[in-house]
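Right, one structure below, let's go through it.
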Amino acid sequence: SLSPRSSLLAAAATFSMRSRCACTSASLPSVSMRAASPSLTPSPPFHLQLVAGADKTTKKEFKLDGKGAKDFASLSGGGATAIDGVDDKATYQETAGALGLAGLDAEETHALMKLLAGVLHAGTIAFDADADGNGVVAKKAEAAGSAAKELLGVPKLMHYLTERLITAGSGSMFTKQLTPAECGRARDALVRTVYARAFDWLVGRINTFVGGKHDADELAKQHYVGLLDIFGFERFAHNGFEQLCINYANEKLQQLFLGCVFKAEAEIHRAEGVPWKLIDFSDNQARRAAAPRHPPHTPPPHPRPPSYTRP
């Protein structure tokens, strides 16, 4: 984890070993449940450090001067924008240094910070309706829109967020104006996609650095140790679909853990006649099985229309 705030990440790592338990390489699969979302509810990672801890020159370059975490929807959504006892400036410097240790040069680190700043600004773009009900960038969000398109390098960003290009069956193309609600969904999709791809890129760069110079055949012959930290259940006053996905995935992982550690071990001991003392543990099978079930009152499917025979 790049930040002590990132407690909601499902971190995983694989360490390849050789004789005498010497670690030869490592791999970090991109399995973070927060990878696709920069929203902070309530554990803000590196992009909060960028806002709260960067120096004045960096903040001015990224249009962050005079702004705090409360000015960005993706940082203040959970209500937690600071942690007592955490020095954001020191943490920012520590994280920037860690990126260098992970193999990123100064140009790559700068590009990553610029991208994250663009994502933060893009997430604050709001939309109003014009006289025809079409979505337009709100006056109060014009500065954020200008900063986002400059930092992300997309001059026509506002057009892409308020319009959609549709291809008709004949192959002709036309532009459809989006409603304010549709514009908001397009903005959220953009922010999540850019953030997720930046995350995957960073994981790939770290893997390149820590993976070592080994070919596939050599790695296949080595033993490995896999580590998975699944803890990160969320329960807020208002829970959305994201919390459902996070908690359900964690329930599945917890069930796998219980099956491997308790149930499978007990069966092996019994099969081999080895004394085994039953361990009392909380089985989450009922919770895991409840989610995929259909609602109890699922309406019947629509009847098929009668077949039509050409005379």
Side-chain angles (χ1 to χ4, degrees), residues 1-16 23 25-41 43-55 58-59 61-64 69 72 74-75 86 88-123 147-148 150-154 188-214 219 226-232 242 245-246 249:
S1 174
L2 291 177
S3 168
R5 306 172 189 266
S6 304
S7 58
L8 298 182
L9 292 176
T14 301
F15 299 92
S16 298
C23 181
S25 62
S27 176
L28 305 171
S30 180
V31 297
S32 168
M33 297 177 188
R34 282 295 187 186
S37 174
S39 60
L40 307 172
T41 51
S43 297
F46 182 51
H47 42 291
L48 183 136
Q49 299 174 23
L50 180 62
V51 174
D55 57 67
T58 302
K59 287 185 177 181
E61 179 184 359
F62 297 152
K63 320 295 182 185
L64 299 173
F72 297 96
S74 56
L75 294 180
V86 175
D88 286 305
K89 290 186 177 180
T91 307
Y92 169 80
Q93 294 297 333
E94 181 182 350
T95 303
L99 291 174
L101 292 176
L104 274 69
D105 58 31
E107 184 177 351
E108 289 175 319
T109 300
H110 180 271
L112 178 62
M113 294 179 181
K114 183 177 181 180
L115 186 69
L116 289 177
V119 167
L120 288 175
H121 286 294
E150 178 182 338
L151 293 169
L152 295 177
V154 186
D188 294 342
L190 170 71
V191 167
R192 289 174 179 270
T193 301
V194 173
Y195 188 84
R197 292 187 179 182
F199 184 92
D200 290 340
W201 173 84
L202 181 58
V203 170
R205 290 290 286 108
I206 294 175
N207 281 337
T208 300
F209 181 75
V210 301
K213 298 180 179 180
H214 305 282
L219 288 175
L227 302 178
L228 175 64
D229 175 14
I230 69 172
F231 298 103
E242 182 177 346
C245 291
I246 290 172

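- Heavy atoms only, all atoms of each residue included: Gly118 and Ala148 are closest at O-CB, 3.9 Å.
- With sequence neighbours excluded, the residues that form a side chain to side chain contact (heavy atoms under 4.5 Å, CB included) with Ala54 are Leu50, Thr58, Lys59, Tyr92.
- Rounded to the nearest 0.5 angstrom, Ile206 CD1 and Leu101 CG are separated by 11.0 Å.
- Residues Thr95 and Thr91 meet the side-chain proximity criterion, which asks for heavy atoms closer than 4.5 Å.
- Annotation: side chain of Leu104 is in contact with side chain of Leu202 (closest heavy-atom distance under 4.5 Å).
- The distance from the CG atom of Leu151 to the CG atom of Leu64 is 7.5 Å, given to the nearest 0.5 Å.
- Remark: Lys63 pairs with Glu150 by the salt bridge (charged side-chain N to carboxylate O under 4.0 Å, His left out) rule, at least two apart or across chains.
- Listed by chain and residue number, His110 satisfy the side chain to side chain contact (heavy atoms under 4.5 Å, CB included) test with Glu61 (two or more places apart in sequence, or in another chain).
- Annotation: side chain to side chain donor-acceptor pair (under 3.5 Å) contacts of Glu94 (sequence neighbours excluded): none.
- In terms of heavy atoms, Phe62 sits closest to Met113 at CE1-CB, 3.7 Å.
- A side-chain donor-acceptor contact under 3.5 Å links Arg205 to the backbone of Gly103.
- Qualifying side chain to side chain contact (heavy atoms under 4.5 Å, CB included) partners for Leu115, counting only residues two or more places apart in sequence or in other chains: Leu152, Val194, Ala198.
- Within the model, atoms CG of Leu120 and OH of Tyr195 stand 9.0 Å from one another, a figure rounded to the nearest 0.5 Å.
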